[in-house]
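Input: a single structure, listed below in structure tokens.
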Protein chains: 2
Amino acid sequence: MNEKSNSLKNDSKADKKREALQLAKTYLQTLGFNGFSFQTIADSLGIRKASLHYYFSSKEEMGLELIKDYESAYKLWSAKVADLSAAQKLEKLVSMFLKISEQGQYICPTGVLTSDYNTLPAKMKKKVKDFHFMQREWIIETLEQGKKERTFRQDLDTKITADLIMATLQGGLQLMRLRGEKDIVKKMCHAVFESFYA
Amino acid sequence: MNEKSNSLKNDSKADKKREALQLAKTYLQTLGFNGFSFQTIADSLGIRKASLHYYFSSKEEMGLELIKDYESAYKLWSAKVADLSAAQKLEKLVSMFLKISEQGQYICPTGVLTSDYNTLPAKMKKKVKDFHFMQREWIIETLEQGKKERTFRQDLDTKITADLIMATLQGGLQLMRLRGEKDIVKKMCHAVFESFYA
DNA sequence: TATACTCTACCTACCAGTAGGTAGAATTGC
DNA sequence: GCAATTCTACCTACTGGTAGGTAGAGTATA
């Protein structure tokens, strides 16, 4: 009475919420936060819009969970690359963004949320900022690691360089969307990274 | 009945349309194309929403006129700097973006429209692309000018560098919005431009 | 009087969110 | 072991509000 019914029900329990969040991520990164609605997700999921409110009390809350998801994914990722050299870490960072861009019209979550920033609910604004500073901190630390490892120039301004990397990746994905040429982000990043080396 | 009424009415003739377009630009660059409505503009303008349809048959058409405006402003600007050196031209380009960023929460029009791209009407998508390629062409030519002038490195890849400049400016303004630090765009650009010189 | 401009009044479609209900599974009390 | 109850995972039907857009009347100016 459990083995069999489990196989039937297992996937339609609490991970329907996960499915919804996954869809929301797709829509967020392709259409922006104001570009999709509960209806959009409900239709894709095959349930009613009202039922989504069973999982998320409001769109704002769904947005907050979305960012929390991105954050924990980033933390997981950075733990996985923790033992690499600074140069390798940056290479992996670019790969991650390249993977985003490969999925067609996707752009990076922080980029979308920054564009939509002024229309976002207050709590989401704060979360977006926090997420940004988290990513920035990681890049700064990685650049400092590279200086200690003597692979990066000692006079590298890690803060400005971190901003530069973020802007390049964020802006790069957006150019990619417009032009469809998959390799421009890679080329751009390598043009930037060149100047780091000692 | 004319002298006096003129001073009162003069500005409310055909340039009411210009006023509307100016407001639309503000809203576009702060809230995105889906972040404002005819209602928003009508309220700010002190007229009814329906009256706006006298000037713009649809929001799509208003969007198209908006981009046309940006385009002609860009052409005017590039004509004005035509006689400068390549290095000076790039400096002026940065100044233009800095001026945008100074107006608080403004980001660059191409950046916004790229973020909203997938929700845009077809004709607007095409216009956005055209505008992008126009800007790109200008930067490529300017970089080539700099190579001829022997101020820029001869092995500079003008196409990739043009993309890099655009991504940096576009992404930079977006970081600015999030962080509020006005000088990061300037610093980032100078960090990039450094590597151009011979 | 003609035309330029703005209005009221309305439309349909969609938005986020709420009220209240239900089938069935899980848990509890005896 | 079985009935009473509660919880899960949805549902239908609706609210108030906004979106883009239209028809046609009213008003001002030349």
Side-chain angles (χ1 to χ4, degrees), chain A residues 1-24 27-28 31-66 116 118-124, chain B residues 1-21 23-24 27-28 31-66 116 118-125:
Chain A
M1 58 135 103
N2 33 21
E3 291 283 305
K4 262 222 278 220
S5 61
N6 258 356
S7 63
L8 256 168
K9 298 241 101 210
N10 238 0
D11 54 56
S12 68
K13 281 191 86 163
D15 40 14
K16 194 134 224 171
K17 186 175 178 175
R18 287 190 62 81
E19 262 183 83
L21 273 174
Q22 191 49 52
L23 277 165
Y27 291 132
L28 176 72
L31 306 172
F33 191 69
N34 299 314
F36 71 95
S37 66
F38 268 35
Q39 192 64 63
T40 324
I41 295 174
D43 289 349
S44 301
L45 219 54
I47 62 170
R48 296 303 138 130
K49 186 189 58 150
S51 309
L52 269 180
H53 282 278
Y54 172 71
Y55 300 106
F56 311 99
S57 64
S58 67
K59 199 184 176 187
E60 172 175 6
E61 201 190 302
M62 197 192 64
L64 291 170
E65 288 207 40
L66 229 46
D116 293 341
N118 291 324
T119 69
L120 255 35
K123 281 179 193 169
M124 281 189 70
Chain B
M1 58 132 105
N2 34 21
E3 290 283 307
K4 263 221 272 202
S5 61
N6 256 357
S7 62
L8 258 166
K9 297 239 106 209
N10 236 2
D11 53 57
S12 69
K13 282 191 83 161
D15 40 13
K16 194 135 224 171
K17 184 173 179 176
R18 285 192 64 80
E19 262 183 83
L21 273 173
L23 277 165
Y27 290 132
L28 176 73
L31 306 171
F33 192 69
N34 299 314
F36 70 96
S37 65
F38 268 36
Q39 193 64 63
T40 324
I41 295 174
D43 289 348
S44 301
L45 220 55
I47 62 170
R48 297 303 142 129
K49 186 187 59 154
S51 309
L52 269 178
H53 282 278
Y54 173 72
Y55 300 106
F56 311 100
S57 65
S58 68
K59 198 184 177 188
E60 171 173 6
E61 200 190 303
M62 197 192 64
L64 290 170
E65 288 206 39
L66 230 44
D116 293 341
N118 291 323
T119 68
L120 255 33
K123 281 180 194 167
M124 280 189 70
K125 282 191 185 178

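Throughout, a chain's letter reflects where its sequence line sits, starting with A, and its residues are numbered from 1. These numbers come from a predicted model, not from an experiment.
OP1 and OP2 of D:dT8 both lie 4.0 Å or more from every side-chain N or O belonging to A:Y55. Proximity of A:S37 to the phosphate of C:dA16: a side-chain N or O atom is located under 4.0 Å from OP1 or OP2. Dashed line: the shortest gap from a side-chain N or O of A:Y54 to OP1 or OP2 of D:dC10 is not under 4.0 Å.
Put simply, the side chain of B:F38 reaches to within 4.5 Å of the side chain of B:M62, judged on heavy atoms. The shortest side-chain heavy-atom distance between B:I41 and B:K49 does not fall under the 4.5 Å cut-off.
Interface residues of residues 42-51 of chain A facing DNA chain C, ordered by number: A:K49, A:A50; criterion, heavy-atom separation under 4.0 Å.
B:I41 has its CD1 atom 15 Å from the C1' atom of D:dG21, to the nearest Å. Between the NE2 atom of B:H53 and the C1' atom of C:dC7 there is a distance of 14 Å, rounded to whole Å. A straight line from CD of B:E60 to P of D:dA19 spans 19 Å, rounded to a whole angstrom.
Pairing each heavy atom of B:A42 with each of B:L52, the nearest pair is N-CD1, 3.8 Å.
Checked by atom type, the side-chain pair B:Y27/B:S37 shows no donor-acceptor distance below 3.5 Å.
The residue B:F36 sits close only to the backbone: its heavy atoms come under 4.0 Å of sugar-phosphate atoms, none of a base.
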